[in-house]
Amino acid sequence: QVQLVESGGGLVQAGGSLRLSCAASGLTFSRYAMGWFRQAPGKEREFGAAISRSGDITDYVDSVKGRSTISRDNAKSTVYLQMNSLKPEDTAVYSCAADRRAGIAKVPSGYDYWGQGTQVTVSS
């Protein structure tokens, strides 16, 4: 049974930082590209960042580019999202996802497994 478990969310002031983690089990982690998506209240789920199987390729949505870094540790079956200079508009539920296909997907339908999500709230 595949499980993706996110952690690291919370309440932070604008300008602050958070590091999200997503621990995977039940799959061969190094064979999956990983992504982070977020969904704010009343909005559709949107792509945030993704990383290739080996970690050599990353991609970000423009709104977080320069403020966030996605990384992975295949030995620990964990993917991370370091978020800096947080803004109130970053408030959302952040979910990680695993994609068995080669390359990096930017749409939810490109992913096979999802975590439950972790809440990030940025106060002004």
Side-chain angles (χ1 to χ4, degrees):
Q1 180 182 358
V2 176
Q3 282 192 314
L4 302 177
V5 180
E6 301 94 339
S7 61
L11 174 63
V12 63
Q13 289 188 332
S17 298
L18 283 174
R19 188 194 195 203
L20 306 183
S21 299
C22 170
S25 61
L27 52 73
T28 304
F29 186 71
S30 61
R31 294 181 181 177
Y32 286 77
M34 299 297 294
W36 284 97
F37 286 75
R38 64 185 186 181
Q39 187 167 20
K43 295 187 177 181
E44 293 187 354
R45 179 178 285 173
E46 70 166 351
F47 171 75
I51 188 167
S52 61
R53 296 166 176 173
S54 63
D56 59 338
I57 300 172
T58 59
D59 202 355
Y60 301 87
V61 67
D62 286 346
S63 59
V64 306
K65 198 173 294 184
R67 300 189 294 121
S68 297
T69 302
I70 187 171
S71 61
R72 65 189 295 159
D73 185 337
N74 285 348
K76 294 183 178 180
S77 297
T78 301
V79 62
Y80 306 96
L81 184 66
Q82 175 69 44
M83 302 188 295
N84 303 321
S85 302
L86 284 162
K87 305 175 182 180
E89 51 263 44
D90 293 319
T91 295
V93 174
Y94 286 69
S95 300
C96 67
D99 174 13
R100 74 183 70 180
R101 286 162 287 273
I104 290 180
K106 295 186 179 181
V107 294
S109 59
Y111 289 81
D112 303 288
Y113 302 106
W114 290 84
Q116 292 297 312
T118 186
Q119 177 69 47
V120 171
T121 303
V122 184
S123 63
S124 57

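Side chains are part of it too, since the values below use all heavy atoms of this structure and drop only hydrogens, waters and symmetry mates. All figures in this text were calculated on a predicted structure; none of them were measured in a lab.
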Any donor-acceptor N or O pair under 3.5 Å, side chains Arg72, Thr58: no
Shared hydrophobic cluster for Leu11 and Leu18 (ILVMFWY, side-chain gaps under 4.5 Å): no
Closest non-hydrogen atom pair between Val120 and Met83, with its separation: CG2-CE, 4.1 Å
Closest contact, heavy atoms only, Ala40 versus Ala92: N-CB, 3.8 Å
Short side-chain donor-acceptor distance under 3.5 Å, Asn84 and Ser17: yes
N/O donor-acceptor pair under 3.5 Å between Arg53 side chain and Arg100 backbone: yes
Spatial distance of atom CD (Gln1) from atom OG (Ser25) [nearest 0.5 Å]: 8.0 Å
Those residues that, when tested against Tyr94, pass ring-ring contact (aromatic ring centres under 6.0 Å, His included) (two or more places apart): none
Residue pair Ala33 / Tyr111: nearest heavy atoms and the distance that separates them: O-CE2, 4.4 Å
Partners passing side chain to side chain contact (heavy atoms under 4.5 Å, CB included) against Ser30 (at least two apart in sequence or in another chain): Thr28, Asn74
Partner residues of Asp99 under the salt bridge (charged side-chain N to carboxylate O under 4.0 Å, His left out) criterion, sequence neighbours left out: Arg101
Main-chain N/O of Leu20 paired with Glu6 side-chain donor or acceptor, under 3.5 Å: no
Least distance between heavy atoms, Ser21 atom then Thr78 atom: CB-CG2, 4.3 Å
Test log, rule side chain to side chain contact (heavy atoms under 4.5 Å, CB included), inputs Leu81 and Ser68: CA-CA 7 Å; Leu81 184 66; Ser68 297; 4.2 Å; yes
All side chain to side chain contact (heavy atoms under 4.5 Å, CB included) counterparts of Gln119, not counting sequence neighbours: Thr91, Val93, Thr121
Linked, directly or transitively: Met34 and Val107 (ILVMFWY side chains, under 4.5 Å): no
Remaining members of hydrophobic cluster (4.5 Å side-chain criterion), Ile57: Ile104
Residues, nucleotides or ligands: over 12 heavy atoms within 6.0 Å of Lys43 NZ: no
Ring geometry between Tyr32 and Tyr113 (parallel below 30°, tilted from 30 to 60°, perpendicular above 60°): tilted
Test side chain to side chain contact (heavy atoms under 4.5 Å, CB included) applied to Val79 and Phe29, step by step: CA-CA 10 Å; Val79 62; Phe29 186 71; 4.2 Å; yes
Tyr60-Phe47 aromatic ring centre distance below 6.0 Å: no
Minimal non-hydrogen separation, Ala14 against Ser124, with atom names: CB-CA, 4.3 Å
Spacing of NZ belonging to Lys106 relative to CZ belonging to Phe37, to within rounding of 0.5 Å: 10.5 Å
Test item: Arg67 side-chain N/O and Ser63 main-chain N/O as donor-acceptor pair under 3.5 Å: yes
Pairs involving residues 22-124, ordered by first then second residue, that meet disulfide bond (SG atoms under 2.5 Å apart) (sequence neighbours left out): Cys22-Cys96
Heavy-atom closest contact (Ala105 atom, Ala50 atom, distance): O-CB, 4.2 Å
Leu4 side, atom CG; Leu27 side, atom CG - distance, nearest 0.5 Å: 6.5 Å
Arg19 to Tyr80, cation-pi by 6.0 Å centre distance and 45° axis angle: yes
Atom pair CZ (Arg38) and CD (Glu89), whose distance is rounded to the nearest 0.5 Å: 8.0 Å
Pair Asp90 + Lys87: basic N to acidic O under 4.0 Å: no
